[in-house]
Protein chains: 2
Amino acid sequence: MLRLNTTDTGFAEAFDILVGARRESDAGVAADVSRILADVKAGGDAVLRELTQKFDRFDLDSNGWQISAAQCAAAYAALEPDLRDALDLAAQRITSYHQAQLPENRDYRDDQGVRLGAKWNGVDAAGLYVPGGRAAYPSSVLMNAIPAKVAGVGRLVMVTPTPDGEVNQTVLAAAHIAGVDEIWRVGGAQAVAALAYGTEKIAPVDVITGPGNAWVAEAKRQLYGVVGIDMVAGPSEIVVVADGQNDPEWTAADLLSQAEHDLTSQSILFTDDAAFADAVTKSVDVQIAALSTGKVAGASWRDHGAVIVTDSLESAMPLVNLLAAEHVELATDMNRAEALFAAIRHAGSVFLGRHTPEAIGDYVAGPNHVLPTGRRARFASGLSVLDFMKRTSFIALDEDSVRKIGPAAARLADAEGLPAHAASVRKRLK
Amino acid sequence: MLRLNTTDTGFAEAFDILVGARRESDAGVAADVSRILADVKAGGDAVLRELTQKFDRFDLDSNGWQISAAQCAAAYAALEPDLRDALDLAAQRITSYHQAQLPENRDYRDDQGVRLGAKWNGVDAAGLYVPGGRAAYPSSVLMNAIPAKVAGVGRLVMVTPTPDGEVNQTVLAAAHIAGVDEIWRVGGAQAVAALAYGTEKIAPVDVITGPGNAWVAEAKRQLYGVVGIDMVAGPSEIVVVADGQNDPEWTAADLLSQAEHDLTSQSILFTDDAAFADAVTKSVDVQIAALSTGKVAGASWRDHGAVIVTDSLESAMPLVNLLAAEHVELATDMNRAEALFAAIRHAGSVFLGRHTPEAIGDYVAGPNHVLPTGRRARFASGLSVLDFMKRTSFIALDEDSVRKIGPAAARLADAEGLPAHAASVRKRLK
């Protein structure tokens, strides 16, 4: 864990290194992935079957290609009641937040009598990648599937590897709640290729979202343009901005909630109170020792954690913007949190006040937990209904309005050396 | 030119081939581009200078790296008055359409007392690629730069190659109107790399848009995730849906306005009137002979053009959706055009009625002319202010509301095996 004070000599250099540190590895999988994509495009289901046998030790032809809606409904029915209630509450709150996100169509006539507008439609079909094993999170199923459904996507297809046949029942229950239409037992780059190109069994989709390992991420990157994808995902991070009035145990737990995700996760604390910083780091160590995820959390905190003491929380805000973190907590009284938030330009999601731990946003608050990582909040947004929709603009002129704005269009076409453009307008001006 | 009738035997197969035809070539430039990106990342300005000397025969150090604001202002002042007026009208109409596109922030409290919302910000800096030579279109400068400025982008950087020192004065005038902040005389994949990574002279940007050749397009694709980019661009196309009441000359000119762009452009006519189809194709041939761009237009029409006669215009709509074209004209009376438009799910931009040639949308109507091509309207939208903005979601709980929704979050964290997530919530419930 790195400890800095803005008054240190060399702070600027040390902070630059922190901002620039590259925690993601591309794992050199590009060539592998590009071969798998070509193989699936050419060989379809036979290649899917072969690769699934090889990587997941699962024979699709003998044991079934799909998980049925009935299996998902059964998994839902078999949930412990409190877990079922929690998933239902999460689904309901995520649905309501994303419904409020639906964009409005536009249709207006301007002062030249030109009618202009834009109409939004959901895509026809979306694919959702769900990792197998430990990384299969039911919350991610809800966070990816619900915005697609709210956007009006007609066909929502899930792909997930089932190594040795193993299936995560809570993931199936989440798929049931979210209304996933098809589930295919395939994973890896081959599953992404099947969704993008289609195979004999699996019809192609228009947009692919969802988390995955390096192969899955690279497959999505290579298929960008063939289909729509969500933002490239990197290691995640949290920045906690806290004054000395917080309970150090709470702040330490918040830092660890990010650190326990992955060895490459990053947790950073900004505070204007050095004694509070000491208390938090002490509590982090105590809590790590008691966590079942302590090994991962401890390594992440050791290698990527940072505690930065600043003159004031306000003066930390430009540094927070440079980090453009996935999650930013502003743990102060609400009025001050509001004022700090007004200074934030780059962040995936912000958690205001002392009573809003980031983990609330992972599960039940309502906003999406798929957020830009690795400084991408400079230019990218969290997943939303817009990722599953597209806009068609429209223009309507009549005999009068084409005479008003047509001559300028023809003149510009002349200047660009495009005579057929000019002619298509001028013929209508006669 | 392909002529089909929906009643032909084998129509379905022929139409499938038309939809599936791949007009874009990747030109095998991926390896070249990836080396150039790595070289610029490592070598900065020295590499830019070397490559610019090699490809553009232009010495940046001797002749200047930048084009100044004064040069742009002078280019604007020197324009022929009618061209200046046309550019001004276009800029004003594009600005007004894109201002109406600005998204609204959200901030509300739900029935559990949880405050939720989303705040939009423009990116700090955007880069705009402008091709050199024949493909330098002032209209593209306006269409890319104005949405960025309307989005609130602080620093708008243009890069453009100036082979042998040649500069397009109308492009400079457009940059002046649009308020471009910096112009660098570099092009190709090396210019895209400089924008993404930054060099000693050129500060990095957050989003890169603008058209370019295969090297530029591949550079943007490879840098997706390092920066934001606009959609991958392919060969463009127009679909004209016209009844027999149109002037065949107008319809022919509209088809040619697409065909004259490029050898890989595609123009397709749907009509329910075979005699009208004959008249249009006759007029296409007559007009091609008289066009200075006739060679390109003729080859595009010959290789990729199509005329499809359908039972009714209404029955053409499912076929039009399969094509998911960049531009769709609905050349009928306005009432019928409205009804046809209601059936369109996939299109970049739609032009309603007989008096709305597509070229109006290229220049002065207001909506963006950067639109999804190559069937990407299935999942992608035209360029908008949203491409230069990003959304930060936010969540604020108090002591009461965290007690209401916190337990469900902790229960889900338990189910996902993330104890620090659960602890960060439960510590606040005590």
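Quick note on labels: first sequence line is chain A, next is B, and so on, each numbered from 1. We use all heavy atoms of the structure for the numbers below, so side chains are in, but hydrogens, waters and symmetry mates are not. Computed from a predicted structure; not experimentally measured.
Aromatic ring centres of A/F341 and B/F394 lie closer together than 6.0 Å.
Contacts of B/I229 with chain A are made by both backbone and side-chain atoms, with heavy-atom separations under 4.5 Å. Looking at B/A100, both its backbone and its side chain come within 4.5 Å of chain A, counting heavy atoms on both sides. Contacts between A/A233 and chain B at a heavy-atom distance below 4.5 Å are absent for every atom of the residue. Only the backbone of A/V205 comes within contact range of chain B, with heavy atoms under 4.5 Å apart. Of the atoms belonging to A/A413, heavy atoms from both backbone and side chain fall under 4.5 Å from chain B. Looking at B/A324, there are no atoms closer than 4.5 Å to chain A (heavy atoms on both sides), in backbone or side chain. No part of A/A174 comes within reach of chain B, as not one of its non-hydrogen atoms sits under 4.5 angstrom from that chain. In this structure, no portion of A/Q169 lies under 4.5 Å from any heavy atom of chain B. For B/A126, no part sits under 4.5 Å from any heavy atom of chain A, backbone or side chain. Using a 4.5 Å cut-off between heavy atoms, B/I288 does not touch chain A at all.
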Given side chain to side chain donor-acceptor pair (under 3.5 Å), test A/S424 with B/E358 step by step and report yes or no.
-> CA-CA 8 Å; A/S424 74; B/E358 184 277 325; over 6 Å; no
Stepwise side-chain contact (heavy atoms from CB on, under 4.5 Å) test for B/E399 and A/R354 = CA-CA 9 Å; B/E399 282 180 273; A/R354 307 186 198 288; over 6 Å; no
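With rounding to the nearest 0.5 angstrom, the OG1 atom of A/T392 is 9.0 Å from the NE2 atom of B/H346. Between A/D247 atom CG and B/K430 atom NZ the span is 8.5 Å, to the nearest 0.5 Å. Rounding to the nearest 0.5 Å places CG of B/D110 at 4.0 Å from CZ of A/R93. Here the NZ atom belonging to B/K427 is positioned 11.0 Å from the OG1 atom belonging to A/T251, to the nearest 0.5 angstrom. Here the CZ-CG distance, from B/R345 to A/D124, works out to 4.5 Å after rounding to the nearest 0.5 Å. Taken to the nearest 0.5 Å, the CZ atom of A/R391 stands 8.5 Å off from the CG atom of B/L383.
Between A/G417 and B/T293 the shortest heavy-atom distance is O-CG2, 3.7 Å. A pairwise comparison of heavy atoms in B/A365 and A/I405 identifies CA-CD1, 4.3 Å as the closest pair. Taking all atoms of both residues into account, the shortest heavy-atom contact from A/I395 to B/G361 is CD1-CA, 3.7 Å. Here the closest non-hydrogen pair linking B/P357 and A/R428 is CB-NH1, 3.3 Å. Looking at every heavy atom in both residues, A/A420 comes nearest to B/L291 through N-CD2, 3.8 Å. Across every non-hydrogen atom of B/M389 and A/S381, the tightest pair is O-OG, 4.4 Å.
Among B/T356, B/V232, B/T170, the residue making the largest number of heavy-atom pairs under 4.5 Å with chain A is B/T356. Per-residue counts of heavy-atom pairs under 4.5 Å with chain B were compared for A/S401, A/A377, A/P407; the largest is that of A/A377. Looking only at heavy-atom pairs under 4.5 Å with chain A, the residue among B/A90, B/A408, B/S393 that has the most is B/S393. Ranked by heavy-atom pairs under 4.5 Å with chain A, the list B/L255, B/I360, B/N321, B/D85 is led by B/I360. Ranked by non-hydrogen atom pairs under 4.5 Å with chain B, the options A/V328, A/V425, A/V207 are led by A/V425. For chain B, the option among A/M231, A/K119, A/R375, A/R115 with the highest count of heavy-atom pairs below 4.5 Å is A/K119. Interface summary for chain B: among A/G122, A/A423, A/G353, A/G348, the most heavy-atom pairs under 4.5 angstrom belong to A/G348. Contacts with chain A were tallied for B/P138, B/A118, B/P372; B/P138 has the most, counting heavy-atom pairs under 4.5 Å. Comparing A/A359, A/G225, A/A396, A/A253 by how many heavy-atom pairs each has under 4.5 Å with chain B, the most go to A/G225. Put simply, of A/G228, A/A86, A/A337, A/P419, the one with the most heavy-atom pairs under 4.5 Å next to chain B is A/P419. Looking only at heavy-atom pairs under 4.5 Å with chain A, the residue among B/V350, B/D88, B/I344 that has the most is B/V350. Interface check for chain A: of the options B/D254, B/D362, B/V402, the most heavy-atom pairs under 4.5 Å are formed by B/D254.
The closest donor-acceptor contact from the side chain of A/K390 to the backbone of B/G382 lies at 3.5 Å or more, if one exists at all. A donor-acceptor contact shorter than 3.5 Å links the side chain of A/Y97 to the backbone of B/G117. Listed for the A/H421 side chain is a donor-acceptor partner under 3.5 Å among the backbone atoms of B/S257. Without hydrogens or angle criteria, A/D206 side chain to B/R378 main chain gives no donor-acceptor distance under 3.5 Å. Judged purely by atom type and a 3.5 angstrom limit, B/R376 has no side-chain atom pairing as donor or acceptor with the backbone of A/V226. Using modelled atom types, one side-chain atom of A/E416 and one backbone atom of B/S139 make a donor-acceptor pair closer than 3.5 Å.
Looking at heavy atoms from C-beta onward, B/L83 lies in side-chain contact with A/L412 at the 4.5 angstrom threshold. Taking the side chain as every heavy atom from C-beta outward, A/R106 and B/Q101 approach each other to under 4.5 Å. Within the 4.5 Å cutoff, side-chain heavy atoms of A/Y363 are placed close to those of B/L418. Counting heavy atoms from C-beta outward, A/P367 and B/L116 have side chains that approach closer than 4.5 Å.
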